[in-house]
2 protein chains.
Amino acid sequence: MKLGDGHRMTPQRREVYEVLMEHPDHPTATDVFMRVKERMPAISLATVYNCLDTLSGAGFIIQVNVDREPSRYCGNLAPHGHFHCEKCGTVLDVQLKEGVQASKAVKLPRGAVVERFEVAVRGYCPQCVRKQKIESSRSA
Amino acid sequence: MKLGDGHRMTPQRREVYEVLMEHPDHPTATDVFMRVKERMPAISLATVYNCLDTLSGAGFIIQVNVDREPSRYCGNLAPHGHFHCEKCGTVLDVQLKEGVQASKAVKLPRGAVVERFEVAVRGYCPQCVRKQKIESSRSA
DNA sequence: TCCTTATCAATAATTATTCTAAATAAAATT
DNA sequence: AATTTTATTTAGAATAATTATTGATAAGGA
Ligand SMILES: [Mn+2]
Ligand SMILES: [Mn+2]
Ligand SMILES: [Zn+2]
Ligand SMILES: [Zn+2]
């Protein structure tokens with residue numbers, strides 16, 4: 001993996017990247033920090049932030065924002081949307097259906113240039129919905 | 001306008017709401033603060049935050065998040081997406097084309113319950129694109 | 001009226017993130 | 001190889017947006 005721009009693939013960057021690939025669960029910077037620390041105890045949170053920034057700047061990973069919550073990071077480079085569970089906080093990749101793209105989905109102002117298109121769905125994940133149902137049936 | 005829940009429509013809340021309706025340009029909390037302050041010099045930024053929170057909690061306005069930037073607020077309750085200009089920071093409402101809704105646009109995990117569906121487009125607004133073109137043609 | 005709840009504004013605190021500065025390391029140049 | 005330059009890491013300080021706390025004030029209901 002080359003980073004370009006005179007950026008080097010350092011051990012820290014490699015670990016950060018590996019961790020993201022091993023567990024594609026959209027961890028936060030702090031999550032990544034804790035995971036990398038297991039194998040590289042001397043690493044600092046600031047370095048993890050730097051690595052995540054460099055890697056996303058170079059296009060190897062994507063920064064995913066969930067409202068005002070801490071940013072999460074995603075190694076899936078295919079176009080996709082995100083589902084955020086409001087109960088348990090899980091973030092899942094969701095595939096965009098065929099033909100769902102900026103120019104098709106919204107009426108863009110004439111002359112605008114599109115750089116990015118984001119689709120986010122918020123709600124309750126199947127697991128949380130199931131639990132909720134069980135609880136409400138018990139109290140009924 | 002009733003807020004429900006025992007929440008009152010106070011003068012501060014009314015001003016905050018009015019300001020949002022007068023200029024539907026997706027102002028930040030600080031923008032709203034500055035605008036309200038003109039007519040209500042004693043108001044504090046914290047109160048503006050409280051009002052924005054109460055109003056969005058009650059569903060009268062929508063909190064719009066632009067990456068990690070400060071939240072913006074929108075009085076347009078119709079379903080719509082947002083276009084963010086990466087050059088000048090403008091946030092524009094964009095209409096969703098017919099049939100663009102969560103269940104149609106993405107392959108949701110089976111059993112998930114949708115609460116919200118957000119579409120964001122990032123890029124350069126027509127004005128910035130025009131300026132850019134003029135500049136590049138001048139230097140060419 | 002008395003009691004409860006809601007609100008406001010000031011300020012402190014929190015949180016995520018970025019910046020600073022010194023130390024280290026790799027790459028490029030001599 | 002030695003020197004110079006550039007990139008990187010780290011710890012800790014700083015920042016910016018937002019939230020929580022608190023004490024004072026104001027409604028609303030019994
Ligand atoms: Mn993803
Ligand atoms: Mn809007
Ligand atoms: Zn869940
Ligand atoms: Zn613009």
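Chain naming here is simple, since letters A, B, ... match the order of the sequence lines and numbering starts at 1 in each.
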Given [options], which nucleotide is nearest the side-chain atoms of [X]?
| X | options | result |
| --- | --- | --- |
| A:R68 | D:dT18, D:dT9, C:dT17 | D:dT18 |
| A:A46 | C:dT17, C:dC8, D:dA11 | D:dA11 |
| B:T47 | D:dT18, C:dC8, D:dA20 | C:dC8 |
| B:R13 | C:dT7, D:dA20, D:dT9 | C:dT7 |

Whole Å only: how far is the [atom1] atom of [X] from the [atom2] atom of [N]?
| X | N | atom1 | atom2 | value |
| --- | --- | --- | --- | --- |
| B:F33 | D:dA17 | CZ | C1' | 14 Å |
| A:L45 | D:dA13 | CG | C1' | 14 Å |
| A:L52 | D:dT9 | CG | C1' | 15 Å |
| B:I43 | C:dT11 | CD1 | P | 16 Å |
| B:Q63 | D:dA17 | CD | P | 14 Å |
| A:M9 | C:dA25 | CE | C1' | 16 Å |
| A:E15 | D:dT10 | CD | P | 12 Å |

**Contact nearer the 5' end of DNA chain C, comparing A:D53 with B:P11** =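 Counting from the 5' end, the first nearest nucleotide belongs to B:P11.
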**Message:** Using a heavy-atom cut-off of 4.0 Å across all strands, would you classify A:N50 as base, sugar-phosphate, or nothing?
**Reply:**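 Since a base atom lies under 4.0 Å of A:N50, the category is base.
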**Message:** Counting the atoms with a prime plus P, OP1 and OP2 as sugar-phosphate, which does A:E69 contact under 4.0 Å by heavy atoms, base, sugar-phosphate, or nothing?
**Reply:**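 Nothing, no heavy atom under 4.0 Å.
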So does [X] pair up with [Y], basic N to acidic O under 4.0 Å?
| X | Y | result |
| --- | --- | --- |
| B:E69 | B:R122 | no |
| A:R35 | A:D25 | yes |
| A:E118 | A:R116 | yes |

**Asked** Quick one: does A:L92's side chain get under 4.5 Å of B:P109's, heavy atoms only?
**Response**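 Yes, close enough: below the 4.5 Å cut-off.
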Looking at [X], I'd like to know whether one of its side-chain N or O atoms comes within less than 4.0 Å of OP1 or OP2 on [N].
| X | N | value |
| --- | --- | --- |
| B:Y49 | D:dT18 | yes |
| A:H7 | D:dA7 | no |
| B:S71 | D:dT18 | yes |
| A:T10 | D:dT9 | yes |
| A:R8 | D:dT6 | no |

**Prompt:** A:H82 vs A:H80 aromatic rings, parallel, tilted or perpendicular, using cut-offs 30° and 60°?
**Reply:**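 Rings of A:H82 and A:H80: perpendicular, over 60°.
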